[in-house]
Colleague: 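Can you read through this structure? Questions will come right after.
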Protein chains: 2
Amino acid sequence: MPVAEPLSRERVLDAAMGIVEADGIAALSMRALAAQLGVAVTAIYWHVGNKAELLAALVERIGTDVGDIRTTGRTPEQRVASTARSLLQSIDDHGALVGLAHQHGRLALVFAPARAAIAEAFSDAGLRGAALVDATNAVIQVVAAYSLTESVMSRSPVQRTDAVRLWDGPPPIDALAAKRLHQPVDTERTFQALLQAVIRGLLR
Amino acid sequence: MPVAEPLSRERVLDAAMGIVEADGIAALSMRALAAQLGVAVTAIYWHVGNKAELLAALVERIGTDVGDIRTTGRTPEQRVASTARSLLQSIDDHGALVGLAHQHGRLALVFAPARAAIAEAFSDAGLRGAALVDATNAVIQVVAAYSLTESVMSRSPVQRTDAVRLWDGPPPIDALAAKRLHQPVDTERTFQALLQAVIRGLLR
DNA sequence: ACCTGAACACCGTTCAAGT
DNA sequence: ACCTGAACACCGTTCAAGT
């Protein structure tokens with residue numbers, strides 16, 4: 001039988017990452033972590049300080065895991081859109097970890113590779129200086145919007161999709177639009193529409 | 001001296017709302033709530049069931065509080081932009097409560113009044129049907145992006161604004177843009193740029 | 001240097017008991 | 001119908017004690 005591997009900061013973080021990915025952040029308690037590692041709860045404190053430091057260390061690990069992005073397409077427009085979609089997919093695949101990064105104000109870490117790729121694409125499209133920066137940050141903001149509302153929301157325990165009444169009397173807009181506005185938002189469609197509008201608007 | 005008012009669901013929710021607004025969601029424990037009300041912890045359970053139901057009830061209250069929006073401006077473009085900014089201000093003023101609504105998947109409740117106002121403005125601009133719905137949802141998505149990244153983020157305990165390296169070698173974009181991209185994002189500026197780009201892109 | 005066990009001050013929740 | 005107090009199973013964290 002194998003000799004028991006000694007406890008280390010690496011092993012603690014690996015186990016913590018495993019619990020978060022498997023059962024969510026709520027399942028990550030110091031006691032559960034200790035049980036997983038077959039060790040006394042207090043042993044963990046020697047390696048990672050306390051729970052806040054443990055979470056912070058986990059967040060710093062996320063960048064490399066989640067930031068793995070693919071950029072495709074011939075035109076700059078296509079490359080911006082494909083990068084945004086790739087980032088969104090990656091965020092979706094690592095929901096709990098991204099939520100953790102969000103809570104620690106470290107979303108920039110997750111978005112960095114995509115930011116670089118999008119800046120390059122906009123540069124290819126002829127944007128320079130402040131206009132390039134604004135365009136890049138705007139697209140990232142759009143992806144953040146979608147990932148933080150839709151994907152994070154759909155992972156939350158409670159799910160409420162019933163619509164909210166928008167007008168008391170007859171809607172002051174056309175009937176078809178009014179009907180659709182009262183149905184649940186098709187977030188995927190909205191994301192596509194928003195992304196296209198932003199890219200169009202940013203490239204004049 | 002006044003006779004002690006009997007405990008009621010209303011009084012429990014009022015006290016809970018007070019704690020959340022004063023000290024944040026983390027400060028809202030059943031025991032703290034009981035202490036605030038001068039009552040045994042278990043008395044609360046008779047009126048609100050449990051903590052999950054209490055939070056859900058709080059979220060349903062938020063709509064009316066946060067959704068109070070002002071729309072100004074002559075042109076439809078101005079009215080869309082002013083509504084978005086007014087919503088953003090309101091979200092900023094009720095950070096903890098909006099965070100609560102977010103966790104319960106009930107952001108739609110908070111956004112409803114602004115959604116109606118924006119739909120009217122876009123309708124005035126000539127949009128109809130699916131295009132009107134897409135435009136309305138897209139603008140709401142933008143406000144959600146900004147409020148959930150910037151305002152909610154800036155309220156989180158940990159604050160990290162140091163930049164993340166985007167390229168290992170020389171940046172493949174112009175020097176000014178590269179320098180700016182490595183500085184902390186001016187989220188207010190990005191919000192304005194994004195909002196303008198979206199409105200432009202959506203109105204052809 | 002690394003790990004354990006007891007202890008402390010917190011949680012949310014249940015339940016029998018009171019009025 | 002409404003409220004209390006004791007109790008249970010959880011938390012994160014500290015600290016003296018072991019090797």
Side-chain angles (χ1 to χ4, degrees), chain A residues 1-61 96-97 99-100 103-104 156-158, chain B residues 1-61 96-97 99-100 103-104 156-158:
Chain A
M1 52 187 112
V3 174
E5 210 176 339
L7 196 57
S8 68
R9 186 182 164 87
E10 293 303 305
R11 281 194 64 213
V12 171
L13 292 180
D14 285 345
M17 198 83 114
I19 291 176
V20 170
E21 277 182 326
D23 302 319
I25 310 169
L28 181 62
S29 74
M30 299 301 264
R31 282 171 163 86
L33 187 52
Q36 177 88 266
L37 289 162
V39 97
V41 201
T42 46
I44 296 170
Y45 284 80
W46 200 90
H47 292 279
V48 295
N50 56 35
K51 190 174 185 182
E53 288 178 36
L54 193 165
L55 291 178
L58 277 187
V59 167
E60 296 306 311
R61 276 201 173 188
L97 291 174
L100 202 59
Q103 283 169 23
H104 283 73
S156 72
V158 197
Chain B
M1 51 185 111
V3 175
E5 209 177 336
L7 195 57
S8 66
R9 186 182 165 87
E10 293 303 306
R11 282 194 63 213
V12 171
L13 292 179
D14 284 345
M17 198 82 114
I19 292 175
V20 169
E21 276 181 327
D23 302 319
I25 311 169
L28 180 63
S29 74
M30 300 301 264
R31 283 171 161 85
L33 188 52
Q36 177 88 267
L37 290 163
V39 96
V41 201
T42 46
I44 296 170
Y45 284 80
W46 201 92
H47 291 279
V48 295
N50 56 35
K51 191 174 185 182
E53 287 177 36
L54 193 166
L55 291 178
L58 277 188
V59 167
E60 296 306 310
R61 277 200 173 189
L97 292 174
L100 202 59
Q103 283 169 23
H104 283 73
S156 72
V158 198

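By convention in this document, chain letters (A, B, ...) are assigned in the order of the sequence lines, proteins followed by strands, and residues within each chain are numbered from 1. Bear in mind the structure is a predicted one, so any value in this text is a computation, not a measurement.
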Colleague: Should D/dT19 form a Watson-Crick or G-U wobble pair with both distances under 3.5 Å, which nucleotide is its partner?
Modeller: C/dA1
Colleague: Can you tell me how far CD of B/E21 sits from CD1 of B/I19, rounded to the nearest 0.5 angstrom?
Modeller: 11.5 Å
Colleague: Do you know which two heavy atoms are closest between A/G24 and A/A96, and how far apart they sit?
Modeller: CA-CB, 4.4 Å
Colleague: Which heavy atom of A/V39 sits nearest a heavy atom of A/L7, and at what distance?
Modeller: CG2-CD2, 3.9 Å
Colleague: Kindly compute the distance separating CD1 (B/I25) from CG (B/L28), expressed to the nearest 0.5 Å.
Modeller: 8.5 Å
Colleague: D/dC2 C1' sits how many Å from B/L7 CG, rounded?
Modeller: 9 Å
Colleague: Please state whether the phosphate of D/dC3, meaning OP1 or OP2, lies under 4.0 angstrom from any side-chain nitrogen or oxygen of B/H47.
Modeller: yes
Colleague: What are the two closest heavy atoms between B/A34 and B/I44, and how far apart are they?
Modeller: N-CD1, 3.5 Å
Colleague: Counting primed atoms plus P, OP1 and OP2 as sugar-phosphate and everything else as base, spell out the protein contacts along nucleotides 6-19 of chain D at 4.0 Å heavy-atom distance: B, S or - for each nucleotide, 5' to 3'.
Modeller: B----BBBBB----
Colleague: Rounded to the nearest angstrom, tell me the gap between atom CD1 in A/I44 and atom C1' in C/dG5.
Modeller: 15 Å
Colleague: Can you tell me the base-pairing partner of C/dC8? Count Watson-Crick or G-U wobble geometry only, both distances below 3.5 Å, and say none if there is no partner.
Modeller: D/dG12
Colleague: What are the two closest non-hydrogen atoms of B/E10 and B/R61, and how far apart are they?
Modeller: OE1-NH2, 3.1 Å
